2 protein chains.
Amino acid sequence: METLGKAPIGRPRGFDTDEALERAMRVFWELGYEGAGLTDLTNAMGITRSSMYAAFGNKDDLFRKALERYTEGPASYAARALLEPTARQVAGAMLDGAVRATTRPGCPTGCFGVQASLVAGATARDARDALITWREEAIARLRDRFDRAVDEGDLPADADPTTLARHLMALANGIAVQAAGGTPRDDLQQIADAAMRSWPPL
Amino acid sequence: METLGKAPIGRPRGFDTDEALERAMRVFWELGYEGAGLTDLTNAMGITRSSMYAAFGNKDDLFRKALERYTEGPASYAARALLEPTARQVAGAMLDGAVRATTRPGCPTGCFGVQASLVAGATARDARDALITWREEAIARLRDRFDRAVDEGDLPADADPTTLARHLMALANGIAVQAAGGTPRDDLQQIADAAMRSWPPL
DNA sequence: GATATTCAGTACCGATCGGTACTGAAGTGG
DNA sequence: CCACTTCAGTACCGATCGGTACTGAATATC
């Protein structure tokens with residue numbers, strides 16, 4: 001809504017919503033949807049429950065906002081990778097990006113989109129489904145990019161863009177699982193480099 | 001203890017512990033450690049809480065027994081794969097096994113060892129660590145097998161068994177993530193087949 | 001200065017969590 | 001048949017879950 005030239009009425013927020021959301025994102029990333037309680041979240045965000053509800057909505061709303069922030073922040077390498085000039089460079093950027101994003105210093109290890117709700121009990125079903133959609137949409141975008149590479153002759157005409165996309169995402173997700181388990185970045189980079197030595201798997 | 005020729009004293013159990021453990025394994029596999037409450041578990045097992053505690057111990061104990069059952073059941077393809085005569089056949093058996101085990105009809109999708117506790121809040125930390133150990137030990141066994149393959153000349157002398165093992169496990173874990181998201185078996189098999197077309201990634 | 005709006009804090013809610021105590025049931029052995 | 005052992009069922013425990021109602025605080029506007 002338009003507030004140009006006018007201060008908003010009412011008591012101003014006493015915290016930085018951007019910073020609070022960053023903290024919430026990291027809590028979900030590290031503990032998962034079910035592992036993160038409201039106390040974990042509000043302690044990390046530095047606000048009270050009622051402030052959290054007023055600013056972000058309920059736990060599920062907050063989770064989705066955190067996922068969006070993750071997409072635009074730590075996982076933004078994926079959107080950028082799609083802009084690489086060749087399919088091979090797209091693949092390399094995806095894997096190198098996965099290695100870096102899953103082992104950022106000062107951040108949780110692994111990938112929010114893989115681990116924050118891979119399976120779920122009844123109360124976290126929506127969160128899990130949101131992550132499934134998030135991963136499937138990433139695969140679809142990769143597939144579309146590889147479709148274009150076939151059209152442009154950058155990939156052979158008989159290459160299967162869906163399988164190439166799924167294969168690449170399997171590697172990226174597998175890297176994320178090992179990162180979540182504590183595997184060091186150098187070891188993960190060896191996986192990415194080995195995969196690239198024989199890419200594309202035709 | 002020795003009870004040959006003698007009936008055990010005390011009231012006999014009124015349920016099949018083997019069947020109950022099978023049911024518990026599937027609940028943890030589908031819902032995860034944190035997503036599975038005692039009510040979910042006891043309803044699926046068909047017994048009361050006190051029977052569950054008497055027969056299996058607490059939730060954490062039950063989880064470990066379920067993981068062991070998973071290792072010897074649905075995930076037993078991994079131990080068998082190691083017995084294949086060549087490294088390439090080991091790799092193929094691992095990936096084919098992962099595709100099958102993560103999409104068994106009538107069973108949850110995905111892999112218990114990846115998804116039942118990939119990340120965790122404070123109360124599930126031990127369960128998550130148990131799964132990290134389980135996955136790392138699987139990688140170590142693969143690495144040892146590939147070490148032997150190098151020694152036997154089945155893999156080139158300059159091949160890196162650790163990277164080959166991690167790369168293969170990344171693919172298997174990535175397949176499990178996609179299976180957990182609902183990807184059909186045929187699509188996953190395409191990933192495995194594509195990976196094998198350029199295996200080993202030297 | 002009063003009113004209105006929005007935010008922060010606290011106490012509290014009903015429900016569910018993992019787990020246990022106690023009582024009764026079902027068996028064996030003497 | 002009684003004593004002992006082990007199991008099953010029920011009620012209950014303290015703690016924590018996600019969430020809210022109410023009150024006071026901090027602002028802007030008139």
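Lettering of chains follows the sequences in order, A, B, ..., and the numbering in each one begins at 1. Predicted model, so just to flag it, every value in this text is computed and none were measured. The figures that follow rest on heavy atoms only: side chains count, while hydrogens, waters and symmetry mates do not.
Among C:dA8, D:dT5, C:dG19, the nucleotide with an atom closest to any side-chain atom of B:R49 is C:dG19. Across C:dA26, D:dT20, C:dA8, the shortest atom-to-atom separation from the side chain of B:P12 is found for C:dA26. Counting only heavy atoms from C-beta on, A:F15 has its side chain closest to C:dA8 among D:dA26, C:dA8, C:dG18. For B:I9, taking side-chain heavy atoms from C-beta onward, the closest of the listed nucleotides D:dT5, D:dA8, C:dG19 is D:dT5. Here D:dC7 is the nucleotide among C:dG19, C:dG29, D:dC7 with the atom lying nearest to any side-chain atom of B:R13. Closest to the A:T48 side chain, of the nucleotides D:dG19, C:dA8, C:dG18, is C:dA8.
Residue order along DNA chain C, read from the 5' end via each residue's closest nucleotide, puts B:K59 first among B:S50 and B:K59. Comparing B:M52 and B:G10 by the nucleotide of DNA chain C whose heavy atom lies nearest to each, the residue mapping closer to the 5' end is B:M52.
Separating the CZ atom of B:F63 from the P atom of C:dC17 is a distance of 18 Å, rounded to the nearest angstrom. We find that CZ of A:R11 is positioned 17 Å from P of C:dT5, with the value rounded to whole Å. We find that CG of B:L38 is positioned 18 Å from P of D:dA15, with the value rounded to whole Å.
Here A:T39 reaches the OP1 or OP2 of D:dC17: one of its side-chain N or O atoms lies under 4.0 Å away. OP1 or OP2 of C:dA8 has at least one side-chain nitrogen or oxygen of A:S51 nearer than 4.0 Å. Not one side-chain nitrogen or oxygen of A:N58 sits closer than 4.0 Å to the OP1 or OP2 atom of D:dG18.
For the atom pair OG of B:S76 and CZ of B:R69, the computed distance is 11.5 Å after rounding to the nearest 0.5 Å. Taken from CG in B:L38 to CE in B:M52, the straight-line distance is 5.0 Å, to the nearest 0.5 Å.
Across all strands shown, B:A122 has no heavy atoms under 4.0 Å from either base or sugar-phosphate atoms. B:A124 comes within 4.0 angstrom of no nucleic acid atom, judged by non-hydrogen atoms across all strands.
Closest heavy-atom contact between A:W29 and A:C107: CH2-CB, 3.9 Å.
Using modelled atom types, one finds no donor on one side chain facing an acceptor on the other under 3.5 Å when comparing A:T71 with A:E68. A side-chain N or O of B:T103 and one of B:R185 form a donor-acceptor pair less than 3.5 Å apart.
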